[in-house]
Amino acid sequence: MEAALAREFRSLAARRLRGLHNPVADTKEVLGEGRAHFANHCAQCHANDGSGQTEMGRHLYPRAPDLRLPATQDLTDGELFGIIENGVRFTGMPAWGDGSEESRAESWKLVRFIRYLPRLTDEEKAEMERL
């Protein structure tokens, strides 16, 4: 029941942004920047591979989700953007956006990278470990 409530709060938080489309090009450079940002800012909870299997991610309540699974991958780009920028109340996911264009651009790059997570290679994971 608590997991269902957390999903509902997440959905409500991102509802107004659901229809937004990612304005950032899907390029190797953007994926590289998103990968580096994720390794530096997100992997502590979500793990470099997006599994959420970290000391912190496993002990959050609710746990950090596996970003590679349909529960995340089926969200729209706008919903993912809203979650990154605004966080999710009553969970361990803080708001990372500060309203600036730079913040918005970084969040959209993260959306591109999150979409790529199911195809992340071992070499890319190793690179992220070095970061």
Side-chain angles (χ1 to χ4, degrees):
M1 181 162 163
E2 290 166 340
L5 285 173
R7 281 191 297 275
E8 183 62 24
F9 282 126
R10 179 185 70 188
S11 176
L12 291 171
R15 182 165 286 149
R16 66 183 172 82
L17 303 173
R18 184 173 288 149
L20 292 180
H21 296 283
N22 196 333
V24 176
D26 190 6
T27 65
K28 285 185 178 185
E29 292 77 23
V30 165
L31 283 176
E33 291 175 28
R35 184 171 53 248
H37 188 103
F38 190 93
N40 192 35
H41 294 87
C42 310
Q44 185 173 358
C45 294
H46 292 287
N48 282 326
D49 65 0
S51 68
Q53 295 301 309
T54 67
E55 187 67 24
M56 186 172 289
R58 285 189 301 271
H59 291 96
L60 289 173
Y61 192 78
R63 290 185 177 129
D66 187 329
L67 301 178
R68 304 166 298 181
L69 297 179
T72 297
Q73 293 294 318
D74 288 347
L75 297 172
T76 69
D77 286 355
E79 288 172 314
L80 290 174
F81 174 81
I83 290 166
I84 295 165
E85 283 285 300
N86 303 314
V88 181
R89 291 179 60 134
F90 308 114
T91 74
M93 180 62 187
W96 294 107
D98 63 13
S100 70
E101 284 304 312
E102 181 181 348
S103 171
R104 294 173 61 84
E106 291 301 314
S107 293
W108 283 119
K109 290 175 188 177
L110 283 171
V111 170
R112 289 279 182 215
F113 180 69
I114 290 167
R115 294 282 186 228
Y116 182 76
L117 277 170
R119 300 182 309 277
L120 193 67
T121 67
D122 289 337
E123 294 80 21
E124 291 165 329
K125 284 185 241 180
E127 175 191 339
M128 292 173 79
E129 290 296 326
R130 289 189 296 271
L131 296 173

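Heavy-atom basis, side chains included; hydrogens, waters and symmetry copies ignored.
For the residue pair Ala36 and Leu131, the shortest heavy atom distance occurs at CA-CD1, 3.6 Å. Among all heavy-atom pairs drawn from Ser100 and Ser103, the shortest one is OG-N, 3.0 Å. In plain terms, the two heavy atoms of Ala47 and Gly52 that are nearest each other are CB-N, 4.0 Å. His46 and Phe38 get closest at one heavy-atom pair: CB-CZ, 3.7 Å. The minimum heavy-atom distance between Phe90 and Pro62, with the atom names listed, is O-CD, 4.1 Å. Nearest heavy atoms, Thr27 versus Val30: OG1-N, 3.1 Å.
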List the steps and the verdict of side chain to side chain contact (heavy atoms under 4.5 Å, CB included) for Leu80 and Thr72. CA-CA 8 Å; Leu80 290 174; Thr72 297; 3.8 Å; yes
Donor-acceptor pairs under 3.5 Å, side chain of residues 109-116 to any protein atom, not counting sequence neighbours: which ones?
unit_1 : atom_1 : unit_2 : atom_2 : d
Lys109 : NZ     : Glu33  : OE1    : 2.3
Arg112 : NE     : Val24  : O      : 2.8
Arg112 : NH2    : Val24  : O      : 2.7
Arg115 : NE     : Asp77  : OD1    : 2.9
Arg115 : NH1    : Gln73  : O      : 2.7
Arg115 : NH1    : Leu75  : O      : 3.3
Arg115 : NH2    : Leu75  : O      : 2.5
Arg115 : NH2    : Asp77  : OD1    : 2.9
Tyr116 : OH     : Glu124 : OE1    : 3.0
Tyr116 : OH     : Glu124 : OE2    : 2.8

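For the pair Asn48 (side chain) and Ala43 (backbone), a donor-acceptor distance under 3.5 Å is absent. Arg63 contributes a side-chain N or O that, together with a main-chain N or O of Arg58, makes up a donor-acceptor pair within less than 3.5 Å.
Residues Ile83 and Leu60 do not share a hydrophobic cluster, defined by chaining ILVMFWY side chains whose heavy atoms lie under 4.5 Å apart. Under the 4.5 Å side-chain contact rule for hydrophobic residues, Trp96 and Leu67 share a cluster. Val88 and Met56 are not part of a single hydrophobic cluster, where members link through side-chain heavy atoms under 4.5 Å apart.
Residues that satisfy the side-chain hydrogen bond (donor to acceptor under 3.5 Å, both in side chains) test with Glu101, not counting sequence neighbours, are absent from this structure. Residues forming a side-chain hydrogen bond (donor to acceptor under 3.5 Å, both in side chains) with Thr54 (at least two apart in sequence, or on another chain): none. Partners of His41 by ring-ring contact (aromatic ring centres under 6.0 Å, His included), not counting sequence neighbours, listed by chain and number: His37. For Glu129, the salt bridge (Lys or Arg N to Asp or Glu O under 4.0 Å) test picks out no residue, with sequence neighbours left out.
Considering CZ of Phe81 and NE2 of His21, their distance stands at 13.5 Å, rounded to 0.5 Å. The CD atom of Glu85 sits 10.5 Å away from the CG atom of Leu20 when rounded to the nearest 0.5 Å.
Screening residues 42-53 for salt bridge (charged side-chain N to carboxylate O under 4.0 Å, His left out), with sequence neighbours left out, gives Asp49-Arg68.
Around CD of Gln53, the count of heavy atoms belonging to other residues, nucleotides or ligands within 6.0 Å exceeds 12.
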